[in-house]
Amino acid sequence: MTRTTPQALDRREIARWVARDIPDGAYVNLGIGMPETIAECIAEDKEVILHTENGLLGMGPPPPPGEEDTELINAGKQPVTAAPGASFFHHADSFAMIRGGHLDICVLGALEVAANGDLANWSTGAARAVPAVGGAMDLVSGVKAVYVMTRHCTRAGEPKLVNECRYPLTGRGVVDRVYTDLAVIDITPQGLAVRELAPGVTLAEVAGLTAAPLHDQRSTHRESHPDGNSAPSE
Amino acid sequence: MTRTTPQALDRREIARWVARDIPDGAYVNLGIGMPETIAECIAEDKEVILHTENGLLGMGPPPPPGEEDTELINAGKQPVTAAPGASFFHHADSFAMIRGGHLDICVLGALEVAANGDLANWSTGAARAVPAVGGAMDLVSGVKAVYVMTRHCTRAGEPKLVNECRYPLTGRGVVDRVYTDLAVIDITPQGLAVRELAPGVTLAEVAGLTAAPLHDQRSTHRESHPDGNSAPSE
Amino acid sequence: MIDKRFADPSAAVRDIGDGATIMVGGFGEAGSPVELIDALIEQGAGDLTVISNNAGSGTTGLAALIKAGRVAKMICSYPRSADSEVFAEQYRAGRIGLELVPQGTLAERIRAAGAGIPAFYTPTAVGTSLAQGKPHGRFDDRECVLEHALGADVALIKAAAADRHGNLVYSKTARNFAPLMATAAETTIAQTSAVVGLGSLDPEAVVTPGIFVDRVVLIDRSPQWLDPSRSETGWL
Amino acid sequence: MIDKRFADPSAAVRDIGDGATIMVGGFGEAGSPVELIDALIEQGAGDLTVISNNAGSGTTGLAALIKAGRVAKMICSYPRSADSEVFAEQYRAGRIGLELVPQGTLAERIRAAGAGIPAFYTPTAVGTSLAQGKPHGRFDDRECVLEHALGADVALIKAAAADRHGNLVYSKTARNFAPLMATAAETTIAQTSAVVGLGSLDPEAVVTPGIFVDRVVLIDRSPQWLDPSRSETGWL
């Protein structure tokens, strides 16, 4: 992962930031890609139940090499395990959990997030691309809190936090919070509100890499390194 | 049961008539009351799967006295058993079978059946009566073939087969066939069509006890006593 | 740590308020959460709207709640009972409201609430008094009626076994409405005759995943459900 | 006598015609009815509309069916695959149609077809290109889109075990769309790795009741599913 600034967090550090904010007992869906890293960063003194939309509540860690089961996979089609207390169900029941508002948090990747909470994460609209949406639109319209985990800018250095999404939308006004390699930013009625900064990163740096106005809503007690709060150091 | 005429069938004889016409392998829902009798009249060389809408496919006969289970009942809230190959499910899945057109036949009681197939069987509309509908409206709108099993006339001697129902409807144009103590009558685009008569009963007698025009569509090979075809004598 | 077990029925129903909408599982007596209803009667909440297939049988459970005058309105498919006059008396006296819903539509409306489906079309009841005044639509040349999701503040249900996550299995036809109601209420309270260790329930056979259940109350320990070899230390 | 077993995949798919709409179970390779698809390729039916979450992975199964040019249109949520270019090539060449449906809406539309619900409202996809042109409705101040039931002529699914009535259980996340598709097709064909005696499947744990299944094809006997003590003589 190309760092946005020298102080930018790496993928695992962002994941720890998210993991720290997931409360004990939460039911959580972690999107394919970067958010998958969050699972291994959840503190051992917290019991968080992971949902994967292909029909498993209580997803456990990947199996040891050689013990993979092709019929026990996650939404990213990677081998997983079933934790004690898990249950299997079909897709309609799985999306009843999502659409019915039973999941507490989902964490998704993003192409763009707008200051009003619009999310674009399923299509670049490119002519030759095969469009594929999966469960993203269901998740953003159903889960109680929608978090985005993403690099602050594209590989080309373009801000992903914008005034208005250019890519096709996944949902309108759906994002609650964004975790990037530079900051934790809430979507508020007033727009983007910085809750925390990565260590050594300044508000001016983040503002310079964001294509929408930023409000400073940092409260001293929450500003800390992702390792500093409830998540244990490794 | 008061006989409509001296030759009228008793409840069990009507049930045998219905049972004879249920094909091997059929999925069938038997309504509360008179239709329940049909289950014990199904020939042993036929495998008919009984559905009860409170969540059981593969309903077996009542248990021996003393072996009743209050958590294993039918839609009439009577103790039953589960046959080999049975399955339990919740009410939405149960009515998905009904509404989705997966059941082949249901047999219901009736207050009135109109010549166009309208059925009234859930309410007399009496002011002091507690209205109760249960699954009747779901059954008539979903099951492939809707049969009615009823005495030809009310206890007061009034015809139940009529030009137009006076009682509140359960469904419009839903009945396919009526089995009474006098005859088997199909609902056709032309109205009521007599398929069979009970032994010793004449078409004129039936017509005299029916408040809608009757067509004679008896075919010699089908006219027989309910005991005469595939159902074994007892 | 997730532990949804409550000490007793009273503790589990303590915060139910006047005017609440309450789903009550059961088809007749099969699956009726009698002990939870008893606790609710004791607790005193009134002016309730109750969603249940029936309106009480005999003199216990839901019939007792109605008799105590706590139910302002029933939403059900079959409020008539061979062995209970409780609802009928209040209904005739005009002391209780009734919304009559076809049984399959009732089940589907509850499922819809749990599944985030605000409304759906069904052919059931078209052309009858129960569809009057509702929006209609035609699909594949078939007239259908629009029915709305039916949710509740609280669901009271009965399971055969539970674990501390709230995973539930049921017994035979006592399952009926419970798995649906569990999904459709803000707070789902399950009474059970056995609490088993986490991991004791077969993940392929769990009927209600714990995500739908908020509180579990053990009423009676049925030994056949307990398997000490699989029980999790400290959580049986 | 009910016996839904067919001798082999070829016999089970023999009557599928050109232009048929076919549901194919599976999420990626988990639950993919590969042997039934192979038989369908051999059988030769073309101009098919295929409803499946994905559009094939690797070079076998659904990918092979598409590569053989038999599929005129895909209805799915995620036709992109890390390990298969088959769909992408045909799509870019304009040789295959695509109706893209959000995964949960796809599941719910299939369930609706099986449950006799012709249409339902959902908040999913509102405000996106996938909801454009569809009727909308507002419920509880939330904008929703009307989605229609999605049925098929045939469903090809994979189960872990079956009995001669067609009762099915599945293996872990291979369950995915199969129980829904079984309810939504005129003819449901299940391949299974075990056929057990009637009564061997726990009635509390049957996932797909036999009423939804028309044909059962044994592909491979997995010894762990067989319990001779419970098998019905002659029907194992």
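Lettering follows sequence order; numbering is per chain, from 1. On a predicted model such as this, the values are computed, not experimentally measured, just so you know.
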Just how far is it from atom [atom1] of [X] to atom [atom2] of [Y], taken to the nearest 0.5 Å?
X	Y	atom1	atom2	result
D/K172	A/F88	NZ	CZ	6.5 Å
D/N176	A/L56	CG	CG	12.0 Å
A/S141	D/R142	OG	CZ	5.5 Å

Can you give me the closest heavy-atom contact between [X] and [Y], atom names plus distance?
X	Y	answer
A/W122	D/S129	CZ2-OG, 3.6 Å
D/A125	A/M137	CB-SD, 3.7 Å
A/L169	D/G127	CD1-O, 4.0 Å
A/V133	D/P102	CG1-CA, 3.8 Å

Should we count [atom1] of [X] as having more than 12 external heavy atoms under 6.0 Å?
X	atom1	value
D/E186	CD	no
A/E68	CD	yes
A/R128	CZ	no

Among the options [options], pick out the one with the most heavy-atom pairs lying under 4.5 Å from chain A.
options	answer
D/S57, D/S77, D/A178	D/S77
D/C76, D/S32, D/A107, D/G104	D/G104
D/T122, D/V126, D/L130, D/N53	D/L130

Per-residue contact mode, [X] against chain A (heavy atom under 4.5 angstrom):
X	value
D/I110	neither
D/R80	both
D/F177	both
D/V101	backbone

Could you name the residues of residues 94-121 of chain A that have a heavy atom within less than 4.5 Å of a heavy atom in chain D?
A/F95, A/R99

If we ignore angles and hydrogens, is there a donor and acceptor under 3.5 Å between the side chains of D/S171 and A/E71?
yes

Heavy-atom side-chain proximity of D/L98 to A/P131 below 4.5 angstrom:
yes

Any D/N54 side-chain heavy atom under 4.5 Å of A/K77 side chain:
yes

Would A/H90 and D/Y170 count as a close aromatic pair, with their ring centres under 6.0 Å?
no

Of A/A75, A/S87, A/S123, A/G55, the largest count of non-hydrogen pairs under 4.5 angstrom with chain D goes to A/A75

Under the 3.5 angstrom rule, does the side chain of [X] hit a backbone N or O of [Y] as a donor-acceptor pair?
X	Y	value
D/R111	A/A92	no
D/T173	A/I73	yes
A/D138	D/Q103	yes

